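See structure below.
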Amino acid sequence: MTIRLSQYKEVHLKTPAPKSIAVYGEPMAGKTTFAGKTDKPLFLSFDHNAKNAGYNAVIPETHQDVLDYIEQAPGTGYKTIIIDTAEDMANQFELEVLKNHNATSLKAAGDYGAGFGEFNKMFSNVIDALTQSPLTVYYLLRANNDDEEGLVIVLKPKLFNIIGGYSDALIEINNKHEAKWKKKRYDWDDSQLPEPLNDILDPEKEKQAKLKKLGLEK
């Protein structure tokens, strides 16, 4: 097959709306309530909290269930899909691998690291499916409060990095139920963003505003 390269065109950069958002906070900080304000959300409620609270939610029992719900959601009226929580999803996938191999650890599941490979494939397949979905995606993540480091995300760094690599923003929710931008792929005009992203504290902008007021802006 012949490959044809199109002619060079002038570049006009765009600022796309957030497609994938990671939200972290301690238990009961309000992550589920925050995500529940999104447009027509469907919760994949691995911890059952969203289901028990009365949101539109399903409780997947297998990796295939997760993929099926992601595939069906756009055609059933939903606009947002929420993983609640990412570490509970990871734990469920690990248990599924252990059950498939009648093993007590991923190391013992199959030969030559097969258990780890099967688990990683499950997790990555779900993130890929969510990335390709036309729906907005929220990943809810638990965090623990460390005296020195502050809020520390519970999910294993390797798995969080997979989510982070496909996310447009990282939001922290503290125990006062305040949502703060921690990282953003683009400098959006928050007032133009959909709820609940239009009402988030931005420490960096607040800092710059104070410096400007003092005549010290860079």
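Since the structure is predicted, the reported quantities are computational estimates derived from the model, not experimental observations.
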- prompt: With a cut-off of 6.0 Å (strictly less than), are more than 12 heavy atoms of other residues, nucleotides or ligands near NZ of K182?
  reply: no
- prompt: So, do I127 and I163 sit near enough that their side-chain heavy atoms are less than 4.5 Å apart?
  reply: yes
task: Take K31 and L141 through the side-chain contact (heavy atoms from CB on, under 4.5 Å) test and state the conclusion after the steps.
output: CA-CA 8 Å; K31 300 182 294 296; L141 305 149; 5.8 Å; no
statement: So CD1 of I81 and OH of Y69: to nearest 0.5 Å the spacing works out to 10.5 Å
query: Would you say M89 and D84 make side-chain contact, with heavy atoms under 4.5 Å?
result: no
task: First locate atom CH2 of W181, then atom CG of D202, and finally report the distance between them rounded to the nearest 0.5 Å.
output: 8.0 Å
- prompt: Just by distance, do the side chain of W188 and the backbone of T15 share a donor-acceptor pair under 3.5 Å?
  reply: no
field: P196 and Y138, any side-chain heavy atoms less than 4.5 Å apart
entry: yes
message: Just checking E71: does its CD atom have more than 12 heavy atoms from other residues, nucleotides or ligands closer to it than 6.0 angstrom?
response: no
field: Hphob cluster co-occupancy, Y166 + L135, side-chain heavy atoms under 4.5 angstrom
entry: yes
- prompt: Under 3.5 Å, is there a donor-acceptor pair between the side chain of K19 and the main chain of P134?
  reply: no
- request: Measure from the side-chain N and O atoms of K180 to the backbone N and O of E172, and report whether any donor-acceptor pair falls under 3.5 Å.
  value: no
- prompt: Does a side-chain heavy-atom distance below 4.5 Å link I173 with V23?
  reply: yes
- prompt: Where do I162 and S124 come nearest, in terms of heavy atoms and distance?
  reply: CD1-OG, 4.1 Å
- prompt: Are Y78 and V58 connected in the hydrophobic side-chain network, where two residues link if heavy atoms are under 4.5 Å apart?
  reply: yes
- prompt: With a 3.5 Å cut-off and no angle check, do the side chains of T131 and D128 form a donor-acceptor pair?
  reply: no
query: Are V152 and N145 close enough that some pair of their side-chain heavy atoms sits under 4.5 Å apart?
result: no
- request: Can you label the angle between the F93 ring and the H63 ring as parallel, tilted or perpendicular, going by 30° and 60°?
  value: perpendicular
task: First locate atom CD of E94, then atom NZ of K99, and finally report the distance between them rounded to the nearest 0.5 Å.
output: 15.0 Å
- request: Please say whether more than 12 non-hydrogen atoms of neighbouring residues, nucleotides or ligands are located less than 6.0 Å from CG in N161.
  value: yes
message: Quick one, V126 and I70 - any side-chain contact, counting heavy atoms below 4.5 Å?
response: yes
query: Do you see a donor-acceptor pair shorter than 3.5 Å between the side chains of Q64 and T62?
result: no
message: Other residues, nucleotides and ligands only: do more than 12 of their heavy atoms fall within 6.0 Å of CG on D199?
response: no
query: Side-chain heavy atoms under 4.5 angstrom apart, residues restricted to Ile, Leu, Val, Met, Phe, Trp, Tyr: same cluster for L159 and I82?
result: no
field: Test item: D190 and N198 side chains (from C-beta on) under 4.5 Å apart, heavy atoms
entry: no
- prompt: Can you name the nearest heavy-atom pair linking K51 to I59, along with the distance?
  reply: CG-CD1, 4.0 Å
field: Closest approach of A50 to T32 (non-hydrogen atoms, all atoms of both residues)
entry: CB-CG2, 4.0 Å
- request: With rounding to the nearest 0.5 Å, note down the distance linking CG in L170 to CZ in F160.
  value: 5.0 Å
task: Rounded to the nearest 0.5 Å, what's the gap from CG on N91 to CG on D47? Could you check?
output: 11.0 Å
- request: Would you indicate whether K184, at its atom NZ, is surrounded by more than 12 heavy atoms from other residues, nucleotides or ligands within a distance under 6.0 Å?
  value: yes
message: Assess, by modelled atom type and distance only, whether the side chains of E26 and N144 contain a donor and an acceptor separated by less than 3.5 Å.
response: no
- prompt: Would L155 and Y24 show up in the same hydrophobic cluster when neighbours are defined by side-chain heavy atoms closer than 4.5 Å?
  reply: yes
task: Compare all side-chain heavy atoms of V66 with those of L44 and state whether any distance is below 4.5 angstrom.
output: yes
- line: K14 and Y186 have their tightest heavy-atom pair at O-CE2, 4.2 Å
message: Tell me whether R142 is salt-bridged to E87, with the criterion being a basic N under 4.0 Å from an acidic carboxylate O.
response: yes
query: How close do A179 and F34 get, heavy atom to heavy atom, and via which atoms?
result: CB-CE1, 3.8 Å
- prompt: With I21, which of T38, T136, D168, T80 fulfils side-chain contact (heavy atoms from CB on, under 4.5 Å)?
  reply: T136
- prompt: Is V137 linked to L42 within one hydrophobic cluster, defined over Ile, Leu, Val, Met, Phe, Trp and Tyr using a side-chain heavy-atom separation of less than 4.5 Å?
  reply: yes
field: Gap separating the CD1 atom of I200 from the CG atom of L193, nearest 0.5 angstrom
entry: 8.0 Å
query: Where is the tightest heavy-atom contact between Q92 and F46, given as atom of each residue plus distance?
result: OE1-CD2, 3.6 Å
